[in-house]
Amino acid sequence: MHSSNDNPRQGNSHSQVLIIGGGNAGISLAARLKRYRVTGIAVVDPSEQHQYQPFFSHIAGGTAKAESAVRAQESVMPKGVTWHRDSATAIDPAAKTVALASGRSLTYEHLVVCPGIQKNWDGIPGLQDAYDSPYGATNYSLDLAVKAWRLLSNLRSGTAIFTMPDGPITCGGAAQKPMYLACDYWRSQGVLDNIRVILAVPTQTVYGVDVVDQELNRKIAEYGIELRCSTELTAVDADNRTATLRNNAHGTEEQLRYDVLHAAPPQSAPDWISATGLADDDGFVAVDKKTLRHITHQTVWSLGDAAGTPNSKSGAALRQQTKVLAKNIKAVLKGGGPSRKYNGYGACPFTVSRSTVVLAEFDDTLTPKPSVPGWKGLAKEKRLTWLVERYGFIRLYWYAILKGRA
C-alpha cells in the first residue's frame, strides 16, 4: 500500500467534496461531479487496482478471463480529481475531518462515504479454512473466482454445494450465477448426471421476486439442482470436507460431504463506520433512502453498499444512486436543496446458462420494476440479455459509467 504522501496527485488536504472509496461508487460519482463542473473533488482509496466485480461470476463460471475485470486505479481516476492513496480510519462529522491510516488528516465541505461492504471471510466457523483448502472457493474475490472455475471445470462426479449467507450482501444473486454456468458446462461434458448440486439460500424462495423465481425454479429443475430455501451454511470442517446446513424454518441441521464448496462469505458494514456516529443500527451510514443525505449531518452523504438504504445492493442500484447524489450535491453547493429522489431500483442479471440470462429488475419492496415500462420480458431467459450482460455491460462500465456518462 502506498500512502497519500507517495502520490503525485495528492494535492492539498482540504476538499469541497471528499469521497471515501474508489470503487464503482466513488469513481463514477467523482466523474459525474466533474461533468457537473464541481471543483475541489478528492477520493480516498488505497487500492492500486480497480476491479469490475460483476465479472467475477463470469470468471468463476468460466465465461471470462480474470484480466478483463482489472485495470490500474490510476487509469480510471478522473482527471482533475485528487487521489489520496490511503485508507480512511475515522470520521469526525462535527469537525468535518477524516483521519487516514498514514496519520494524516483531511478536511472537507461535503463528505461522501462509499467504501463498499466488508466481507467477513471467517464469519462462519471453518469457512476461511475451506477457502484455503483445495476444495473451497467463491466468486466474491478475484483470486477465489479464478480458483472456483478451476475446481468446477475439473469436477466430473461428486457433490458441489453453493451457499449464500443471511444478512446484507452485495448482489445476492451473484452467489448462484457460477452454479448455473457450471451446470450448463457439466451438461455439455456429459457429466451433469454424475454430480449432485445443492443450492442453499436463506430466503423463503430462490430469490424473492415472483417472476424471477419462476424462471430460476425452471432452470433448477432442468439441471436437477437440490434447492434448500430458508437454509444457510453454519459451519465447515475443511479437513473432512463437511458442510453444516441449517434450515431456519424447521430448526434442523444436516451435514453434507462436498467435493466443491462455493460459499459467499457473510458481509456487513465496514467495522470502523460504527465509531463515526454516522451509522444506523446495522452499522451502515444512516441516510435518507431517497436523497442519500445523512439523516442528521447535512454535509455527509452515502451511496452504494455502505449506505443504509433498503434496496438490493448492486451495481444497477448504484448507477441510479450516483445520478441522484451528484445532482443533489451540486444543488446544495449552489445554495439549494436535495430535490432529486432515488426510487429504490435494483437489478440482478442471472446467468442461467452459458448463453442466456434472466434479468431481475425490482425496487426496494421487491416489486418488479422493468427498465422498459410495461414490458417484463427481460425477466425471462433470453439470449439477447446474455449478449448485453456479457459483452455490453463491461464496456459500458469502463468507458461510460466510470467516466460519469451513464
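Reckoned from all heavy atoms, side chains included, excluding hydrogens, waters and symmetry mates. Please read these numbers as outputs of a predicted model, since none were measured by experiment.
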Using the six-membered ring of Y36, assess whether NZ or CZ of K330 lies under 6.0 Å from its centre and within 45 degrees of the ring axis.
yes
Taking only distance into account, with no hydrogens and no angle test, what donor-acceptor pairs under 3.5 Å do side-chain atoms of residues 89-96 form with protein atoms, sequence neighbours excluded?
residue: T89; atom: OG1; partner: A99; partner atom: O; Å: 3.2
residue: D92; atom: OD1; partner: A94; partner atom: N; Å: 3.1
residue: D92; atom: OD1; partner: A95; partner atom: N; Å: 3.1

Within the 4.5 Å heavy-atom criterion, are L111 and V17 side-chain neighbours or not?
no
So, does Q16 use its side chain to make a donor-acceptor pair with the main chain of H110 at under 3.5 Å?
no
Sidechain N-carboxylate O distance under 4.0 Å for K382, E215:
no
Taking every non-hydrogen atom, the tightest pair across P265 and P165:
O-CG, 3.4 Å
Test: R241 cationic atom under 6.0 Å from Y135 six-membered ring centre, within 45° of axis:
yes
Pairwise distance CG(L127) to CG(L261) - rounded to 0.5 angstrom:
7.0 Å
Donor-acceptor check, side chain of R293 to backbone of Q298, threshold 3.5 angstrom: yes or no?
yes
Ion pair check, E381 and R218, cut-off under 4.0 Å
yes
Donor-acceptor contact present, side-chain R35 to main-chain G404, <3.5 Å:
yes
Determine whether a donor-acceptor pair (N or O, by modelled atom type, separation under 3.5 Å) exists between the side chain of D45 and the backbone of S47.
yes
Check for me whether K403 meets the cation-pi criterion with Y397, that is, NZ or CZ under 6.0 Å from the six-membered ring centre and within 45 degrees of the ring axis.
no
The salt bridge (Lys or Arg N to Asp or Glu O under 4.0 Å) partners of E226 (sequence neighbours excluded) come to R196, R228
Can you confirm whether Q73 sits close enough to E48 that some side-chain heavy atom of one is under 4.5 Å from a side-chain heavy atom of the other?
no
Is the number of heavy atoms from other residues, nucleotides or ligands within 6.0 Å of CG (D281) greater than 12?
no
Atom CD of Q189 with >12 non-hydrogen neighbours under 6.0 angstrom
yes
Can a salt bridge be assigned to the pair E74 and R85 using a cut-off of 4.0 Å between side-chain N and carboxylate O?
yes
Could you measure the distance from the CZ atom of R32 to the CZ atom of R319? Nearest 0.5 Å is fine.
9.0 Å
CG on D129 to CD1 on I124, rounded to 0.5 Å:
12.5 Å
Distance, nearest 0.5 Å, that separates OH of Y185 from OG of S153
5.5 Å
Counting C-beta onward and ignoring hydrogens, is there a side-chain heavy-atom pair between V206 and L199 closer than 4.5 Å?
yes
Surrounding NZ of K341 (heavy atoms of other residues, nucleotides or ligands, distance under 6.0 Å), is the total greater than 12?
yes
N/O donor-acceptor pair under 3.5 Å between D363 side chain and T367 backbone
yes
Any sub-3.5 Å donor-acceptor pair from D213's side-chain atoms to G208's backbone N or O?
yes
Which side-chain N or O atoms in residues 343-355 pair as donor and acceptor under 3.5 Å with protein atoms at least two apart or in another chain?
residue: N343; atom: OD1; partner: Y345; partner atom: N; Å: 3.0
residue: Y345; atom: OH; partner: E361; partner atom: OE2; Å: 2.6
residue: S353; atom: OG; partner: S355; partner atom: N; Å: 3.1
residue: S353; atom: OG; partner: T356; partner atom: N; Å: 3.0
residue: S353; atom: OG; partner: T356; partner atom: OG1; Å: 2.5
residue: R354; atom: NH1; partner: G61; partner atom: O; Å: 2.8
residue: R354; atom: NH1; partner: L181; partner atom: O; Å: 3.0
residue: R354; atom: NH2; partner: G61; partner atom: O; Å: 3.2
residue: R354; atom: NH2; partner: G62; partner atom: O; Å: 3.1

Applying salt bridge (Lys or Arg N to Asp or Glu O under 4.0 Å) to E389 and not counting sequence neighbours gives none
Using the six-membered ring wherever Trp is involved, compare the ring planes of W398 and H50 and label them parallel, tilted or perpendicular (cut-offs 30° and 60°).
perpendicular
When you measure from the side chain of H294 to the backbone of T296, do you find a donor-acceptor pair of N or O atoms at a distance under 3.5 Å?
yes
F56/W149 aromatic ring centres below 6.0 Å:
no
Using a strict cut-off of less than 4.0 Å between a Lys/Arg side-chain nitrogen and an Asp/Glu carboxylate oxygen, indicate whether D86 and R104 qualify as a salt bridge.
no
To the nearest 0.5 Å, how far apart are OG in S87 and CH2 in W272?
9.5 Å
The criterion is salt bridge (Lys or Arg N to Asp or Glu O under 4.0 Å); which residues satisfy it with R390, sequence neighbours excluded?
none
Do N139 and H262 have side chains that get closer than 4.5 Å, going by heavy atoms?
yes
Quick note, side chain to side chain donor-acceptor pair (under 3.5 Å) partners involving residues 159-176, not counting sequence neighbours, are T170-D305, Q176-Y180
Pairwise distance OG1(T39) to NZ(K34) - rounded to 0.5 angstrom
7.5 Å
Polar side-chain atom of N328 near backbone of T291 as donor-acceptor pair, under 3.5 Å:
yes
